[in-house]
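Following: one structure in structure tokens, then a few remarks.
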Amino acid sequence: MNLSEHIKDPLFILLSEAAEEMDVRCCLVGGYVRDIFLMVSSQDIDIVTVGKGIELAELVAAKLGKSTRVNVFKNFGTAQLRYGDFELEFVGARRESYQRESRKPIVEDGSLEDDLRRRDFTINAMAVSLNKADYGELIDPFDGRNDLRKKILRTPCDPDLTFSDDPLRMMRALRFATTLQFNIDSATFEAIRRNKERISIVSAERIIDEIQKMMMAERPSKGFQLMDRSGLLDIILPELAALKGVETKDGKGHKDNFLHTLAVLDKVAAQSDNIYLRWAALLHDIAKPLCKRWDDKLGWTFHNHNFLGEKKIPGIFRRLKLPMNEHMKYVQKLVGLHMRPIALVEEEVSDSAVRRLLFDAGDDIEDLMILCEADITSKNPLKVQRFLENFQLVRRKMIDLEERDRIRNMQPPVSGEEIMDTFNLPPGKLVGEIKNSIKDAILDGLIPNEYGAARDFMLQKGRELGLEPHEQEGSSS
Ligand code: ATP
Ligand code: MG
């Protein structure tokens, strides 16, 4: 099979000429070749040469022009260069052997076929020649083309060896299965189950990279289902595995919170590409197992699981090597608030409750509403309809109130300094109390969100607390 139609970019012609000049075997390999068949454009170009990989990179860079810099990694025998949007990586064909306790192989020069054999999946183990003599010819010793057609992930060699050598490949299998919507060949999957404990030699950073790629798939739930079925979930995210199952008492069962969480995750993913909103969906019920109680009147309850969940997020983020910054705070905030809109529609949708929600959620209110709408996974269509209609009512009220009162990013119209100046107070609890009472008065609709009204309210509140406004200098005459 010849793919020269798909590699017409002048860059490839230039690569071909350079290889000719140096008389070196040179092929496109891996993801770029796979993506030609999948008809997705890819900016990462991996090039394998038989010997002289670094020299070829240097010649190509010289041909591309003086400003092209080559990054050489002598220890790995690889070289990288950027050209426009393209990221080129040159590797000399190699054979690898592994030691038990490390993912780092012992590397020797090898043939093109040796190089393809060390790759993770047959669909990633294809090459396309860039040499003049057979330009565009597909080299596919493991029948990756056929596996691509069948949408199957399979290792080129014995899967137990593949996964035991480099256990990161297990996560890569789950990730590709999720993003490409492929199946994992059963022998390959069984080997993942057998080798799951080997994941312990992989760094948390590499694991989370794969999970984040899974998270960005159209239907991320598939990845977590596969993690569960392979046993990797228990090791990597035991908190999520703990959501599984249904307990029944007096004929009453609660929902399976793992399946519920995955349904919420997929629904959120259909609405937003924000990866942290997706994390909030994945973790929104994470504390339910800790909060589960049986109540003779109410049945199963999970009181405060939102607050406890919010508290658990930093520990999970730290362990998974997710960023401990404003992104984490955002996830915490959404998890903490995720019961509020639902509580709102269950009771009466009062102006004051909607103002408080707007104030607490701030600019994240729309994301919170997406999460909460996705959280409705009831099988009862009437119930779902009632909830969604009520959410519409909440949304309309939010728009009205926001227009009128500008609550969402409210800065209290009277500052702490002004309170201290007015009553000649030192910084302290009392100042905070007055400030809060002004905020509450606005949120409850007692006074408008305006300076004059807020100042009057402050003076009145001060009087109630036995404080006298002190005469300001220069204001007496
Ligand atoms: P993507 O770039 O979309 O994540 P990719 O398949 O291009 O997918 P890379 O990490 O860029 O993945 O790797 C390029 C190629 O290197 C792969 O196609 C595969 O052939 C090989 N490869 C990468 N990681 C491994 C690994 N851990 N074990 C074996 N081969 C690997
Ligand atoms: Mg790649």
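Count residues from 1 along the sequence. Counting starts at 1 for both ligands and their atoms, following the listed order. Keep in mind that this is a model prediction, so the values were computed, not measured.
Among protein heavy atoms, the minimum distance from atom 30 (N) of ligand 1 is reached at D120 N, 3.2 Å. Among protein heavy atoms, atom 2 (O) of ligand 1 sits closest to D44 OD2, 4.2 Å. Scanning all protein heavy atoms for the shortest distance to atom 1 (P) of ligand 1 gives R175 NH1, 3.8 Å.
The ligand atoms of ligand 1 that sit less than 4.0 angstrom from a heavy atom of D166 are 26 (C), 27 (N), 28 (N). Heavy-atom contacts of F176 reach the following atoms of ligand 1: 6 (O), 8 (O) (cutoff under 4.0 Å). Applying the 4.0 Å criterion to heavy atoms of G31 picks out, from ligand 1, the atoms 6 (O), 7 (O), 18 (O). Proximity to G30 (heavy-atom distance under 4.0 Å) selects the following atoms of ligand 1: 18 (O), 20 (O). Interface of D46 with ligand 1, defined as ligand atoms under 4.0 Å from a residue heavy atom, comprises 14 (C).
For the pair K292 and W300, the cation-pi criterion (under 6.0 Å, within 45° of the ring axis) is fulfilled.
The closest donor-acceptor contact from the side chain of D147 to the backbone of G144 lies at 3.5 Å or more, if one exists at all. In this structure a side-chain-to-backbone donor-acceptor pair under 3.5 Å is present from S16 to L130.
Among R119, R172, K213, the residue whose heavy atom lies closest to atom 23 (C) of ligand 1 is R172. Closest heavy-atom approach to atom 29 (C) of ligand 1 within the set E87, R34, R169: this belongs to R169.
With respect to E366 and R395, a salt bridge is recorded, a charged nitrogen being found less than 4.0 Å from a carboxylate O.
Ring geometry for H284 against H338 counts as perpendicular: the plane angle is over 60°, on a 0 to 90° scale with 30° as the lower cut. Relative orientation of the H327 and Y276 rings is parallel, given thresholds of 30° and 60° on the angle between their planes.
Taking the six-membered ring where the residue is Trp, the centroids of F182 and F121 are separated by 6.0 Å or more.
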